[in-house]
Novice: 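This is the structure, below, for whatever I ask next.
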Amino acid sequence: MKDFGVGIRKIGFLVLSILAGLFLWQMFTTFSQIPSFIFPKPIEVWDRLIIVLQDGSLMKHALITLQEVLFGLMLGLSAAIITGYFLAKSRIVERVLSPYIVASQSIPIVAIAPLLVIWLGPGIFSKILTSALIVFFPVLVNTVVGLKSVPRELYDLMRSLQANTWQRIIKLEIPAAMPVFLGGLRIGATLSVIGAVVGEFVGADKGLGFLVNVGRGLYDTALVFVAVFTIVLLSLGLYGSVIFIENRLLSWQKRNGD
Amino acid sequence: MKDFGVGIRKIGFLVLSILAGLFLWQMFTTFSQIPSFIFPKPIEVWDRLIIVLQDGSLMKHALITLQEVLFGLMLGLSAAIITGYFLAKSRIVERVLSPYIVASQSIPIVAIAPLLVIWLGPGIFSKILTSALIVFFPVLVNTVVGLKSVPRELYDLMRSLQANTWQRIIKLEIPAAMPVFLGGLRIGATLSVIGAVVGEFVGADKGLGFLVNVGRGLYDTALVFVAVFTIVLLSLGLYGSVIFIENRLLSWQKRNGD
Amino acid sequence: SIQPANDGPTGELTHIRLPMGYIPNVQYAPFYAAVEKGFFEEYGIELEFDYSYETDGVALVGANELQFSLVSGEQVPIARAQGLPIVYVMAWYEKYPVALVSKTEQNVKTPQDLAGKRVALPGPFGANYVGLRALLGEVGLQESDIIMESVGFNQVEVLATDTTEVIVGYSANEPIQLKAQGYDLDLILVSDYLDLVSNGIITNEKTLAEDPELVERFVSAALKGIQFAVENPEEAFQFCFKYIEGLEDADQDVQFEVLQASMELYQTDPYGYSHPEAWENMQGVLLQMGLMKKEIDLEEAYTNEFSQ
Amino acid sequence: MNSANNHPLLEVKDLGVTFTDDKGSLQALNQISFSVDREQFICVVGPSGSGKSTLIRVLAGLLAPTSGEVVLDGIPINEPRQGVGIVFQKANLMPWRSVLRNITLPLEINHVPQNEANERASELIELVGLTGFEDWLPHDLSGGMLQRVAIARSLIQDPDLLLLDEPFGALDALTREKMGAELLRIWRVRKKTVIMITHDISEAVFLADRVLAISPQPGNLRLDLEINLERPRQEDDRFSPEFVVYTQQLRDAIR
Amino acid sequence: MNSANNHPLLEVKDLGVTFTDDKGSLQALNQISFSVDREQFICVVGPSGSGKSTLIRVLAGLLAPTSGEVVLDGIPINEPRQGVGIVFQKANLMPWRSVLRNITLPLEINHVPQNEANERASELIELVGLTGFEDWLPHDLSGGMLQRVAIARSLIQDPDLLLLDEPFGALDALTREKMGAELLRIWRVRKKTVIMITHDISEAVFLADRVLAISPQPGNLRLDLEINLERPRQEDDRFSPEFVVYTQQLRDAIR
Ligand SMILES: Nc1ncnc2c1ncn2[C@@H]1O[C@H](COP(=O)(O)OP(=O)(O)OP(=O)(O)O)[C@@H](O)[C@H]1O
Ligand SMILES: Nc1ncnc2c1ncn2[C@@H]1O[C@H](COP(=O)(O)OP(=O)(O)OP(=O)(O)O)[C@@H](O)[C@H]1O
Ligand SMILES: [Mg+2]
Ligand SMILES: [Mg+2]
């Protein structure tokens with residue numbers, strides 16, 4: 001009962017929060033001088049949404065992007081966790097790899113777009129890669145920070161119990177690093193969407209990023225908004241999933257924080 | 001003497017790491033089938049670098065971007081720290097604001113580019129904003145996670161000493177949240193550069209992002225590489241500054257971790 | 001009609017920010033020349049170039065945030081169909097600039113040869129796509145008869161590395177870059193098969209109604225620049241150096257060729273004039289492609305009032 | 001707190017604390033009532049988990065009681081008060097501060113100039129036997145040293161009321177005796193009121209004017225025992241018959 | 001470790017430990033030598049900061065000595081060994097694990113099926129008096145309860161050698177006596193070897209076959225005192241003259 005009540009309240013806040021946003025938006029479009037092909041009214045976007053929902057095109061593009069995002073997230077996550085582990089453990093690995101990792105973060109995707117297209121083709125892979133690339137860094141950094149925050153005494157405990165590496169990872173490092181790691185995942189999950197969308201901007205003929213491009217090309221700003229909202233929804237969904245995981249895994253910490 | 005030795009070794013690693021990179025690059029361009037207007041050789045990039053260094057244009061653009069990045073970083077940081085503080089303290093604020101914050105992260109910049117131009121003009125402000133926007137989220141999340149990791153017992157201590165809010169922040173929360181916060185800053189500093197550059201891609205007539213565009217427009221791939229390397233260097237510089245700060249502020253933790 | 005002030009600028013100069021739709025490029029030589037030769041100043045205009053995205057220009061002019069923009073022809077009907085009150089007031093290009101480019105060994109000489117080929121373009125939007133579809137439609141092919149690949153603005157690279165077989169690009173740009181790299185190419189020009197409205201200057205209805213004199217001054221200055229460039233290509237090219245970063249260090253022959261190739265597309269007789277049938281064709285193509293849902297009144301979309 | 005009047009310094013009336021969470025609730029303290037006069041030295045004993053730390057947290061104003069009331073100097077406590085020094089059961093040091101800076105923290109918060117703070121700290125550092133360790137970080141100290149830092153920190157503001165939660169828990173017998181004697185000296189000279197939790201009944205009897213014995217779950221006040229041994233007390237008093245009787249009484253109370 | 005032979009179980013030879021960092025170096029232990037026979041109960045006393053915890057860490061194989069050697073069962077120790085149970089000075093619990101899961105951790109690591117593990121744990125939970133708290137998280141426990149969880153954890157693998165670093169530090173007198181008695185019983189019945197640090201000299205004398213006294217900085221072995229009191233010992237033995245003499249000797253040694 002109690003949990004249920006909390007759930008209702010959470011959803012209440014979300015609805016409130018969305019209604020407030022809609023209200024501000026309506027006010028803004030009503031009173032500002034901005035024409036609706038630059039900033040459409042809620043109702044126009046709603047109408048456009050119904051159309052793309054009915055003809056199934058929104059679903060189609062959203063699923064493509066979702067697919068890119070999920071693969072990108074998985075790829076970026078795995079790479080970040082593995083690299084992060086070795087970075088946290090070895091100074092030498094950290095020193096040699098760091099510059100390249102930072103570099104990989106700051107290379108603008110458009111600058112290497114030709115290479116991506118040549119190597120990965122015009123399909124889904126380049127988008128997965130851009131998504132993975134942007135996920136990688138925050139997760140990596142928080143993996144490292146999280147691992148460094150594991151109390152030394154607990155390492156002693158695990159050593160004294162003759163835990164093997166694997167057990168040390170599973171039973172100590174993962175749970176202890178989890179709060180900070182999940183912070184990284186929150187960031188990464190949100191960024192993964194923008195990564196895939198940016199990949200789609202560079203060149204694609206499907207996906208929500210493409211839909212934004214189409215809308216822009218046709219001066220169909222309502223469509224742009226529909227696509228953007230779907231992108232935001234995707235982000236919120238992923239973010240919500242991470243929060244859900246946090247609530248599950250970090251209940252021991254919650255009690256402390258509240 | 002000891003510190004000096006460590007410094008030398010660190011630089012040694014960096015140089016080694018860069019040389020290894022250069023070697024791989026040379027090998028790659030020599031043995032792959034990719035024409036050099038797509039992927040130039042190190043020496044071509046070097047020649048191009050000398051030219052833009054001598055005519056001062058690289059410096060000019062780099063300074064513009066640096067300026068955008070610094071302002072963006074400051075703006076994003078301040079916003080993130082302040083918002084993060086309130087999010088960590090108040091459940092209600094967290095629930096109402098979270099969806100908007102996640103949304104703000106996932107809205108593709110190109111989708112709102114015309115609005116940015118209308119509101120901020122075509123100048124430096126829109127780039128500062130894109131930079132700040134991308135810095136905001138990771139710093140925010142790590143601020144919140146960091147603040148939540150402050151031990152409850154130390155809050156009790158500060159309360160019992162009748163510390164006021166400001167003292168609690170300065171003397172407890174800031175130092176205790178620092179390790180995780182600085183992790184966020186590492187991510188944010190790196191992303192700030194890409195944020196400014198992306199802003200420049202969308203529309204600018206100066207800055208390193210613009211220089212990349214110019215290089216691509218002229219199929220002057222060596223120039224693209226020069227610009228990209230400068231971008232990377234900027235990122236590395238910022239990242240290095242954060243590491244420097246970390247080494248200063250977290251020496252108490254280092255001893256623990258090593 | 002309005003004459004240039006004889007003794008130079010008298011009053012205040014009108015400041016105009018002109019979105020160019022692309023980064024600084026030699027194809028804009030006429031505009032650079034017009035500024036450098038003082039044509040805009042003669043007409044009381046202080047011109048600032050703005051290299052933001054193309055669609056930004058259309059939207060900003062539509063919103064009356066700006067008065068003028070340089071745009072690609074198909075944008076005008078598309079935007080008007082969405083209710084943007086823009087008007088095309090000056091044709092810069094006569095010929096639609098899009099071409100299909102392939103290496104000679106592919107043996108793509110006519111549009112019919114495209115069937116079954118892999119054709120790369122930035123994506124199913126913009127001038128390249130319109131050009132491709134117009135060409136296919138003209139010779140009775142469907143989009144499904146080719147393998148369309150969306151590669152972003154990387155056509156040169158994918159053709160050079162044989163990642164694709166045919167690319168769609170601007171005749172004054174990609175093919176020239178590729179030739180410069182030593183590739184032998186076949187070109188199919190869209191404009192050889194069909195007249196389509198091409199690049200030009202737009203303004204909005206409000207400006208046209210309230211300040212037609214400004215439009216006339218602006219168009220006159222621009223046209224003077226075009227004319228100057230056509231008559232003095234070398235000199236116009238020289239003006240580019242001031243505006244285009246890195247031009248000194250680029251391959252100048254290639255760049256000059258780019259300029260010459262664009263000039264072949266210019267509307268010269270009369271300057272600034274756009275052909276009504278090109279508008280009809282464009283509207284037909286766009287309707288057929290579904291890029292416009294309803295027909296618009298073309299009379300409102302453009303005017304030849306300012307052509308000379 | 002310096003107002004000299006004759007009502008007791010601290011009055012605890014029907015104090016009850018219940019912790020509630022999803023698993024149910026636990027009554028940690030039940031109907032505790034006692035009062036403490038100015039300049040008294042009170043020890044609290046009781047088995048582990050009987051609610052001693054909880055009591056200290058309430059007296060410190062860190063935890064609101066579920067029922068009942070605590071009045072300090074005539075004013076009900078609902079937040080931490082000036083003039084109260086606390087030693088927590090865990091040392092509660094800030095890992096990023098050196099021994100010295102941990103000890104001067106309370107002065108820093110009260111804007112005492114650093115020179116003065118350092119001076120006052122160095123006396124206390126000598127008192128707790130940490131001279132030479134001023135610049136060490138908590139990580140590098142032994143368990144007992146950490147506790148001694150915490151004790152020094154609680155004394156630096158010269159508080160009138162000291163709340164000590166097993167301050168000598170991690171100290172060896174000798175240091176413990178020495179610190180106990182020091183505490184007595186400070187208490188006597190500076191006229192402080194002390195409430196100290198200890199798990200050492202003999203220590204409680206040796207130090208206190210009164211010993212409160214708490215029984216576990218829910219924590220009830222089982223015995224409020226006046227210790228009528230003359231002061232200053234000597235080590236040998238531990239073997240006196242009264243001492244043994246007191247000890248035995250307390251043992252029985254918390255059994 | 002079950003090989004019955006007559007060399008001592010544990011031999012500590014010229015053990016020295018020095019901590020070095022940028023601020024200089026600190027010699028925590030100096031030339032410590034002693035040996036422990038099978039099934040002996042050894043207590044270690046010494047002032048705070050004398051290096052007792054450091055010694056335990058070396059014996060546990062967690063810290064490499066700077067000089068000298070420690071031989072356990074004929075093999076030099078350089079890493080933690082099977083059959084050794086440790087209680088650290090800090091409870092060292094995992095905050096995300098319940099009392100029960102903290103106690104069963106060692107079994108989990110040794111792949112003991114969960115049923116069996118829970119069974120063995122519930123006996124120990126009763127032993128340490130935490131029945132009913134199985135599902136609680138460390139955050140919600142009192143200081144003494146945490147320590148009792150740590151004690152239960154160290155016993156669950158039925159180790160031959162127990163290394164205890166002030167296991168009863170946070171326990172009240174009664175629980176302390178009860179736990180001490182339990183420990184003695186376990187030691188006797190299960191034939192364990194115990195090395196236990198305590199700051200309570202009387203406790204050391206009461207429990208141990210031998211008490212080692214360490215003096216501080218650098219930690220030297222001052223006294224290696226055999227306690228010849230008959231077993232089983234009674235509470236009253238504490239007041240016997242031998243007891244008082246032993247106590248006095250140890251006091252003097254670490255003064
Ligand atoms: N990691 C370390 N780095 C530097 N010095 C240390 C470290 N660990 C312990 N020391 C020092 O070694 C000495 C002995 O410490 P140890 O923890 O062994 O003392 P102890 O006898 O257990 O004291 P206590 O009874 O207070 O727990 C102390 O002076 C301590 O400061
Ligand atoms: N935050 C909390 N939430 C729930 N229960 C708590 C909390 N804090 C303490 N308790 C419970 O209250 C009871 C009393 O705890 P307290 O810490 O006051 O005991 P104590 O007398 O100080 O014991 P010890 O001598 O072991 O330190 C214990 O059963 C404990 O589990
Ligand atoms: Mg307690
Ligand atoms: Mg110790």
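Below, read A as the first sequence line, B as the second, and so on, with proteins coming before strands; counting in each chain starts at 1. Because only heavy atoms are used, hydrogens play no part in the values below, and waters and symmetry mates are left out as well, while side chains stay in.
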Novice: Side chain, backbone, both or neither: which part of I194(A) has a heavy atom under 4.5 Å from chain B?
Specialist: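 Only the side chain of I194(A) comes within 4.5 Å of chain B.
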Novice: Is the F137(B) ring parallel, tilted or perpendicular to the Y239(A) ring (thresholds 30°, 60°)?
Specialist: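 It falls in the tilted class, 30° to 60°.
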Novice: Could you check which of V193(A), V197(A), L208(A), L115(A) has the highest count of heavy-atom pairs closer than 4.5 Å to chain B?
Specialist: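 Looking at each of V193(A), V197(A), L208(A), L115(A) in turn, L115(A) comes out on top.
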Novice: Take L191(A) and L191(B) through the test side chain to side chain contact (heavy atoms under 4.5 Å, CB included) and record every step on the way to the result.
Specialist: CA-CA 11 Å; L191(A) 288 179; L191(B) 288 180; 4.1 Å; yes
Novice: Looking at side-chain heavy atoms only, is the closest gap between P108(B) and V198(A) below 4.5 Å?
Specialist: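 Not touching, per the 4.5 Å side-chain cut-off.
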Novice: At a 4.5 Å cut-off on heavy atoms, which part of L234(A) comes close to chain B: side chain, backbone, both, or neither?
Specialist: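 When you check distances to chain B, no heavy atom of L234(A) falls under 4.5 Å.
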Novice: Do other residues, nucleotides or ligands put more than 12 heavy atoms under 6.0 Å from F86(A) CZ?
Specialist: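 12 or below, so no.
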Novice: Need one label for F229(A): side chain, backbone, both or neither, based on atoms under 4.5 Å from any heavy atom in chain B.
Specialist: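 Neither the backbone nor the side chain of F229(A) comes within 4.5 Å of chain B.
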Novice: Looking at CD1 of I187(B) and CD1 of I187(A), how far apart are the two atoms once the value is rounded to the nearest 0.5 Å?
Specialist: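 Reported to 0.5 Å precision, the distance equals 4.5 Å.
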Novice: Might you confirm whether atom CZ of F28(B) has over 12 heavy atoms from other residues, nucleotides or ligands at distances under 6.0 Å?
Specialist: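 Atom CZ in F28(B) is packed in, count exceeds 12.
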Novice: Testing the basics here: between S106(B) and I231(A), what is the closest heavy-atom pair and its distance to 0.1 Å?
Specialist: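 So the minimum-distance heavy-atom pair works out to O-CG2, 3.3 Å.
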Novice: In terms of heavy-atom proximity below 4.5 Å to chain B, should Y100(A) be classed as side chain, backbone, both, or neither?
Specialist: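 Looking at Y100(A), just its side chain touches chain B.
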Novice: Please identify, among V232(A), I112(A), I18(A), the residue contributing the most non-hydrogen atom pairs under 4.5 Å to chain B.
Specialist: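 Option with the top pair count is V232(A).
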Novice: Could you look at I107(A) and say if it's the side chain, the backbone, both or neither that has a heavy atom under 4.5 Å from chain B?
Specialist: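 Both backbone and side chain.
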Novice: Checking heavy atoms, do the side chain of L147(B), its backbone, both or neither come under 4.5 Å from chain A?
Specialist: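 Neither the backbone nor the side chain of L147(B) comes within 4.5 Å of chain A.
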Novice: Identify the residues of residues 138-146 of chain B whose heavy atoms come closer than 4.5 Å to a heavy atom of chain A, ordered by number, or report 'none'.
Specialist: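 Answer by number: P138(B), V141(B), N142(B), V145(B).
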Novice: Looking only at heavy atoms and a cut-off of under 4.5 Å, which of L236(A), L238(A), V212(A) has the most pairs with chain B?
Specialist: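 The residue among L236(A), L238(A), V212(A) with the greatest pair count is L236(A).
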Novice: Under a 4.5 Å heavy-atom cut-off, does chain A meet the side chain of Y155(B), its backbone, both or neither?
Specialist: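 For Y155(B), there is no contact with chain A at all, as no heavy atom is under 4.5 Å.
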Novice: Between V102(A) and chain B, which part of the residue has a heavy atom less than 4.5 Å away: side chain, backbone, both or neither?
Specialist: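 Both backbone and side chain of V102(A) come within 4.5 Å of chain B.
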